[in-house]
Amino acid sequence: MRDLHHISFWRRSWLFLVVLATLLFLILPIFVVIPVSFSDSQYLTFPPPGYSLRWYSAFIESREWQASLRASLTAATLTMLVATPIGVMAAYAINSAAPRWARLAYGVVLLPLIVPHILIAIAVFYVYIKLRVVNSMPSIVFAHALLAIPIVTITVLAGLKSFDMKQEMVARSLGASRLGAFFFVTLPQIAPSVVCAAVFAFATSLDEVIVSLFVAGGENTVLTRRMFVALRDAITPTVAAISTIIIVASLIIAGLILLLNRRTSR
Amino acid sequence: MKTTRPIEIRQIRKSYGEFVALSDVSLTIQPGEFITFLGPSGSGKSTLLMIIAGFTRPETGSILVESQELVTMPPHKRDIGLVFQNYALFPHMSVEQNVAFPLRYRSMGRAEKRERISRALEIVRLEDFGARSIDALSGGQKQRVALARALVFDPAILLMDEPLSALDKKLRDYMQIELKRIHREIGMTTVYVTHDQHEALTMSDRIAVLNHGRIMQIGTPKEIYERPVNHFVADFIGDTQFLPAEVDGETARVGAEVFRLAHSSVDRGQKGLIVLRPEKTFLVGRDEQREGINSIECVVVGATYQGGSVLIEAELPWGQRIHLRRSTNAGTMSTMPDPGSGMCLAIHESDTIAVEDDP
Amino acid sequence: MSTAGSLIPPRTQQHQAAEPAAPNAVALARQGRRDRLLVLSLLLPAGALLLALLIIPVGWLFYLSLIEGGEYSLVHYERIWTMRSYQNILWTTVKISVIVTVICAVVGYPTAYLLAQLPGPLAAVGLAMVMIPFWISILVRTYAWLILLGARGPIVPFLQQVGLTDNPFLLLYNETGTIIGMVHVMLPFFILPLYANLRSFDWNLMHAAASMGAPPTSAFFRVFLPMSLAGIWAGVVLVFVQSIGFYVTPALLGGGRVTMVSMKIASNIQEYFDWGAASALGVVLLLIASSILILAARLIGGGQLWGTTR
């Protein structure tokens, strides 16, 4: 019974209005980008004076933007492949360690979420300069994996918490080795959270701006870095076209995760 | 059965920081025997089971089966079937796949595997359930699948950790009989952990009573019930009351009376306790014959009708109140004492035992 | 059996006499160590990456922040403390972060409060509207504000027509634009933990307060607000700590006129290659952020702070 019927509706109507305005404030900007991407003007006029697909074709025809898209997708895919197993291993260890050690290990794994990203960016940049690996794809992937591992660990740990480790014990007593028990019994059941974690890792890399500004240039200039530079120096609606594509992709990914979560909770 | 030699458990010690879970526990499990570890929570019974299974590592100790040391062996090489209270079935597999799981790790022909699976399902009476998914089973059925899975590879030992406590009472009683039947049919060496004394008494060949990480007593259900060796065992099993006594060999002084003892674990001249079970205690008139009976004067202070029995409360000369039961058939009802009447509390000499008081 | 009631203690003593005092103790201890090592080895890849790319390099930067001209010196920190330009940057950063946090609290609280009371489906829609921005790249959102707040967007030309302003860059390339953009990014970080906190609130307490004659406003301030304080603090801490490290939004919506700490760190390196200065500023930022987090975790409990986001 959540209705506070003793507070009359008109006295609460201001609350509804404030909340509605806030929610609109939160989502409206996104729906500004989409019309602008179909604009026929080269200025950021809103509403657009006319409509065309010229910014989409500009995006498709631009070799630089295409290279960046490829670099971003490659980096995101590799980050996912690196961060997911590492995060799953860490989560498993934290889940099975004694509480005192688990808390310590968890704290360390979560460090990248606590340290300001600009500091991580220059720290990683510093190492890469020393090693002369700035702008190389593997170094971009490791930098992104550093940021993705805590998120993977949190997600998989949540999955493991709702898994009954006695099943793994039974499997082992029935003849399975530790590894066998994990792959045949545990993994199939925590699969949704692992897939979820992998998607998070992918999205983390695809979304990352600050570290990429330092270590993901040259041939491997990722999309976020090129967008940042474009927004800072010369804004064109090409960015709107890319943004629209990103919005649609993001919403698809979000929907996917929502679907997965619903499947697991059942 | 595979094992024809006993399982020798020696000097198992396990502690968690300051807390001693098991201190130098030793026992021998006979082949084919159904042995139960009985004790309150925290007594170390589950820890001992997990040590046998290999998921808890003791500080010291040895588990020998046919001169093979189990205690340092990884769980998957121990050849042990394990059944947990919460079933721990694999929900992503069907009933048949669950039962087939241990056979993946044992080399045998396809035909033999199929034969074993259907035999295991037959034993637990789930012949037609092979294709079902785990979610579609009731609690009792799940427990049967867990049992079939633990039996299908003919393990050296079957371990069960409170396997019936998640079931409701009726189902639990039924499953007790079922487990007993299955044990009779295939005679596997079974280690059973429970805190439920009724379950332990019903099912076991022998019971090991644990408390504070030690085995208090080990013996057949009858020995444990009729001849408890100390206060804890006598108190933990049955609805027990105690009379303070000074024990002098085969007799004991209780108040102004001298009781003849059938059994005593008390040193001569020590203080001890006479064990009173409600079904072994009865009232006699003060002027009645008392051949072969130990008795002490008491005053009836109340009687409560409870359907199948009447609960009588009697007060002893030093003020202690004792409960005893009388069945409610016509014979006993006609001689029911009135409150206030002076009687004698009585117990047969052959039922009279004394245990040490706790230090 | 004739062993009726036989006592176990004497038996065990016999065994102790016949066998070694601690069978398998050495082998069991060795296995215990091996097990712990196995768990540790699972943490190895994550640990190695953290060590190589975060812990060692940040330590290194800390060392660099204490070096000037090849010698140990606190000059980088002194500059932060004494130089006008640095003070301005720190002041701007704190000012903007405080304003953003306050706006998030004032706007976010009613939203979380209402969402927590709405029936399931409506609450889900509202929550989705809060979550969607979470899923959109910060660059895309910043871009949207560039359009909306810009000279050709819907707002400024309108204000010009009405005659309220003649400045085409009233809302963009200044602190106002930066704050609007940052509030947009941070608002979900305030609403979501608070929502989680309010969801677990026992609304019967409000009814109880009302039935005892408390007017609704008084019931709100005396019952509801105190109970939700932990959630508010969690949101405030999350928003503030993230705000002081912001880079993208002020860099783009500030148009070069707003400099926050993160931007100064970046430009120290990208333009001046002054690692010492950048590191010192980074260390200061890290100390501020971590001390606030540690303090908050102490005061309101780590679970409130960490468990509720994502």
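All of these numbers come straight from a predicted model, not from anything done at the bench. Numbers restart at 1 for each chain; the letters A, B, ... are given by sequence-line order, proteins then strands. Side chains included, hydrogens not; waters and symmetry mates left out as well; all remaining heavy atoms used.
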Specify whether Phe242(B) and His231(B) have parallel, tilted or perpendicular ring planes, treating 30° as the upper limit for parallel and 60° as the lower limit for perpendicular.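 Plane angle over 60°, so perpendicular.
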
Relative to chain C, which of Thr72(B), Leu27(B), Val233(B) shows the most heavy atom pairs under 4.5 Å?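 Among the listed options, the one with the most contacts to chain C is Thr72(B).
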
Only pairs of heavy atoms separated by less than 4.5 Å count here; which of Arg13(B), Glu69(B), Lys222(B) has the most with chain C?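 Top option by heavy-atom pairs under 4.5 Å: Glu69(B).
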
Check against salt bridge (charged side-chain N to carboxylate O under 4.0 Å, His left out), Glu250(B) and Arg260(B): CA-CA 6 Å; Glu250(B) 301 196 335; Arg260(B) 296 182 65 82; 5.2 Å; no

Tyr192(B) vs Phe34(B), ring pair (Phe, Tyr, Trp, His ring centres under 6.0 Å): CA-CA, chis, key distance, verdict: CA-CA 7 Å; Tyr192(B) 191 95; Phe34(B) 193 120; 5.5 Å; yes

I'd like to know if Glu226(B) pairs up with Arg277(B) as an ion pair, taking the criterion as any Lys NZ or Arg NE/NH1/NH2 lying under 4.0 Å from an Asp or Glu carboxylate oxygen.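 Looking at Glu226(B) and Arg277(B), the cut-off is not met.
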
At a 4.5 Å cut-off on heavy atoms, which part of Pro74(B) comes close to chain C: side chain, backbone, both, or neither?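 Neither part.
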
